[in-house]
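Each remark here refers to the structure printed beneath this line.
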Amino acid sequence: MQEKTSFTSKLGFVLAAAGSAVGLGNLWRFPYLAAKYGGGTFLFIYLIVAISFGFTLMLTEIAIGRKTGMSAVNAYHALDKRFTFIGYLSALVPIIIFPYYCVIGGWVVKYLTVYLSGMAKPAAGDSYFTNFISGTSQPLLFLLIFIALTSVIVAMGVEKGVEKFSKILMPFLVILSIGIAIYVMTIPGAMNGVIYYLKPDFSKISLNAILAALGQLFYSMSLAMGIMITYGSYMKKEDDLESSVTQIEIFDTGIAFISGLIIIPAVFAFSGGDESALNSGAGLMFITLPKVFANMKMGGILGGAFFFLVFFAALTSSISLMETIVSIIKEKTGFSRITVCILVFVISLIMAIPSSLGYGLLSGIQLLGLSILDFFDFISNSLLMPIVALFTCFVVGHIVGPKLVIDEVENSGSFKRKKLYIIIIKYIAPLFLLAILISSILNTFGVISL
C-alpha cells in the first residue's frame, strides 16, 4: 500500500481547504443573494449561520477525514459499514459537479482573455455572452484549457501541486480582491451600495433569506461533497483542528464579503442605485459587470483584474473537486496518481461536453425542464448535497456519537465550541437540512420562489 501523503504544514492545509471553499459561489452567488435578500440583512444572517451551522458541518467532515485517514467512501465505511452508501453519495457530488464547473471555468478564462486583449467594450454588448455560450468551438476550447490546467496541478500531487499552488494563489487572491474593493468604493455613487450592503434591515429577515443563506454554505464552503473529508485525511494529527476550521471559515467568508464590496457598490454606481440590476443570476458576472466596467474609468484594467480574481477562485475550487475524485479512485484501484489524473481528465471532459453545448447545439434537450448544466447543478446541489449532510448529521449525532469528532478535535487542542457543536449536530442541523432539501426541490419546480 502507498504511504499516505499529507500537507507539509497547518498553513498549507488551511490555504488548500480555503482555496477549495473559495470559488464561484463566493465571487458570484454570494453578492447576488446578498442583493436579493436585503444586502446587510443577508450578510448578518449568513455570518450567524457560518459560525454555527457551517462550522459544525466543516469540522465534522475534516475530523472524519483525519480520524480515518481515508477519502469519503472508505471513511464512512470505517465509521459504520451500514452507512458506506453515504460515502458513495458524497463521491457522486464532485463527479457530477467537476465537469460542469469546468464549463463555467472555461467561460471565466474566455472573459479573462477578452480583457487581457483589450476587448472590454465588445464584451459589454447585450448579446456577447449569449453568442459565446451558444457557440461550439470556443466554449469547448476554453473548457479544455481550464480542465487541462486543473489536471496538471492535481497530477503534481498534494504537496507539489495542491498545497504549493494554494500557497501562491490564495494570498494573491486576497490582496487582489481587497485592492479592487478599495478602488470600487472610490467610484461616484458606490457608497450607496456599500451602505445597502453593510446596513441590515431586520424587517427583511425571512425564512427564505435564512434558507438561502444556509444553501449558500454548501456552495461556499465545499460541504457534503467529500472534499473536506479528503483534505482532512491529508491533515497532520498534531495540527489544531478547531482553529484550522475557524481560519478556513475566515478566509472563505472574508472573500465572499469582499466580493460583495466589489460587485454591489459597482453595480449600484452603474445603475444609479437600481437594486434590480443585481438580480440577473448568471448574467450578473458575464453580462451586467462587463457593462459596469465598460462605463467606468480604467474599466478595462479593473475588469481584467476582476476576472483574474474569479479565475484564481474557480481554479482553486476545481483543483479540490478533481483531487477528491482522484483520491477516491486511487484508494479503490491502487493506480498511480498520473494514471488516475489522465483517466479523470478524459472522462470529465467527455461528461462536460453536453453541458457546454447545452446552450447551443444541444439547447433543444431539456431534463426536468432544465438545461443540461442546470440539471446537473440541481442533482448535485439541490438533492445530493443536502441528503449527504443530513445523513452525516444523523450518523455522527445519533449512531457513532459526537464523541468521535470531539475526541479527534481534542487530540490536537481544546474545543471551545463543544457544547454548541453537540446541539447543532444532533438537533438543529438535521431540521434545517431537511428544510433546505424540501425548499430547494419546490423552488426548482416553481412551487415556491426563493
Side-chain angles (χ1 to χ4, degrees), residues 3-22 54-80 83-84 86-87 89-91 93-94 154 157-159 161-163 166 170 217-218 220-252 316-317 319-328 330-331 385 388-389 391-393 395-396 400 402-413 415 417 421 425 429:
E3 185 181 346
K4 185 75 175 181
T5 57
S6 66
F7 293 110
T8 60
S9 65
K10 179 185 172 185
L11 176 64
F13 165 74
V14 169
L15 290 177
S20 164
V22 173
F55 170 83
T56 299
L57 291 178
M58 184 178 286
L59 182 81
T60 300
E61 293 192 10
I62 293 175
I64 289 172
R66 193 172 77 169
K67 172 77 175 176
T68 61
M70 301 170 181
S71 58
V73 175
N74 288 346
Y76 281 102
H77 181 81
L79 290 184
D80 189 320
F83 295 96
T84 305
I86 306 174
L89 286 178
S90 66
V93 177
V154 173
V158 174
E159 292 177 21
V162 178
E163 181 177 356
S166 296
M170 284 306 297
L217 286 174
F218 290 101
S220 191
M221 293 187 178
S222 295
L223 299 173
M225 54 180 81
I227 291 175
M228 290 302 163
I229 293 177
T230 299
Y231 277 24
S233 73
Y234 299 144
M235 187 183 185
K236 290 183 175 180
K237 288 288 187 179
E238 62 269 21
D239 291 341
D240 189 304
L241 214 159
E242 184 178 15
S243 70
S244 295
V245 173
T246 301
Q247 289 162 10
I248 295 165
E249 278 199 303
I250 289 171
F251 259 106
D252 178 70
T316 53
S317 288
I319 288 168
S320 67
L321 285 165
M322 185 172 181
E323 175 61 36
T324 302
I325 299 167
V326 168
S327 174
I328 291 167
K330 275 186 71 210
E331 273 188 3
M385 286 161 67
V388 168
F391 273 119
T392 300
C393 289
V395 171
V396 173
V400 301
K403 189 176 184 299
L404 179 136
V405 170
I406 291 168
D407 287 348
E408 185 62 29
V409 175
E410 293 182 336
N411 280 339
S412 56
F415 193 175
R417 288 186 259 180
Y421 173 81
I425 197 74

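Note that the coordinates shown come from a computational prediction; the quantities given were computed from them, not determined experimentally.
The minimum heavy-atom distance linking I425 with P402 is given by the pair CG2-CG, 4.2 Å. Residues L217 and G54 share a closest heavy-atom pair of CD1-N, 3.8 Å. Contact between P94 and I325 at its shortest, heavy atoms only, is O-CD1, 3.5 Å. Scanning both residues, I248 and I62, for their nearest heavy atoms gives CD1-CD1, 4.0 Å. The shortest non-hydrogen separation linking T230 to T324 is OG1-CG2, 3.5 Å. For G69 against S233, the heavy-atom pair with the smallest separation is C-CB, 3.6 Å.
For the pair K10 and K236, the minimum side-chain heavy-atom distance is 4.5 Å or more. Contact of the V396 side chain with the L404 side chain is not registered, since no non-hydrogen atoms from C-beta on lie closer than 4.5 Å. No side-chain heavy atom of F83 sits less than 4.5 Å from a side-chain heavy atom of V400. Side-chain contact between Y231 and F13: present, with at least one pair of heavy atoms (C-beta onward) separated by less than 4.5 Å.
Other residues, nucleotides and ligands contribute more than 12 heavy atoms inside 6.0 Å of the NZ atom of K237.
Atom OG in S244 sits 7.5 Å away from atom CZ in R66 (nearest 0.5 Å). Taken from CD in E323 to CD1 in I227, the straight-line distance is 10.0 Å, to the nearest 0.5 Å. Distance CD1/I229 to CG/L223: 10.5 Å, rounded to 0.5 Å. Note that the CG atom of D252 and the CD1 atom of I250 stand 11.0 Å from one another [nearest 0.5 Å]. Going from atom OG of S222 over to atom CE of M385 covers 8.0 Å, rounded to the nearest 0.5 Å. Note that NZ of K67 and CE of M235 are 14.5 Å apart. Values are rounded to the nearest 0.5 Å.
Among L59, D240, L241, the one residue that satisfies the side-chain contact (heavy atoms from CB on, under 4.5 Å) test with F415 is L59.
Here the side chain of E242 pairs a donor or acceptor atom with the backbone of R417 at under 3.5 angstrom. Remark: side-chain polar atoms of S412 are paired, donor with acceptor, to backbone N or O of D239 under 3.5 angstrom. The closest donor-acceptor contact from the side chain of E61 to the backbone of A224 lies under 3.5 Å. Without hydrogens or angle criteria, E331 side chain to S71 main chain gives a donor-acceptor distance under 3.5 Å.
With sequence neighbours left out, F391 forms a side-chain contact (heavy atoms from CB on, under 4.5 Å) with F85, I86, I387. When the side-chain contact (heavy atoms from CB on, under 4.5 Å) test is applied to L11, the partners found at least two apart in sequence or on another chain are S9, L15.
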Check: L89 and V93: side-chain contact (heavy atoms from CB on, under 4.5 Å), yes or no, with the steps?
Finding: CA-CA 7 Å; L89 286 178; V93 177; over 6 Å; no

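For the residue pair Y76 and T68, no side-chain donor N or O sits within less than 3.5 Å of a side-chain acceptor on the partner.
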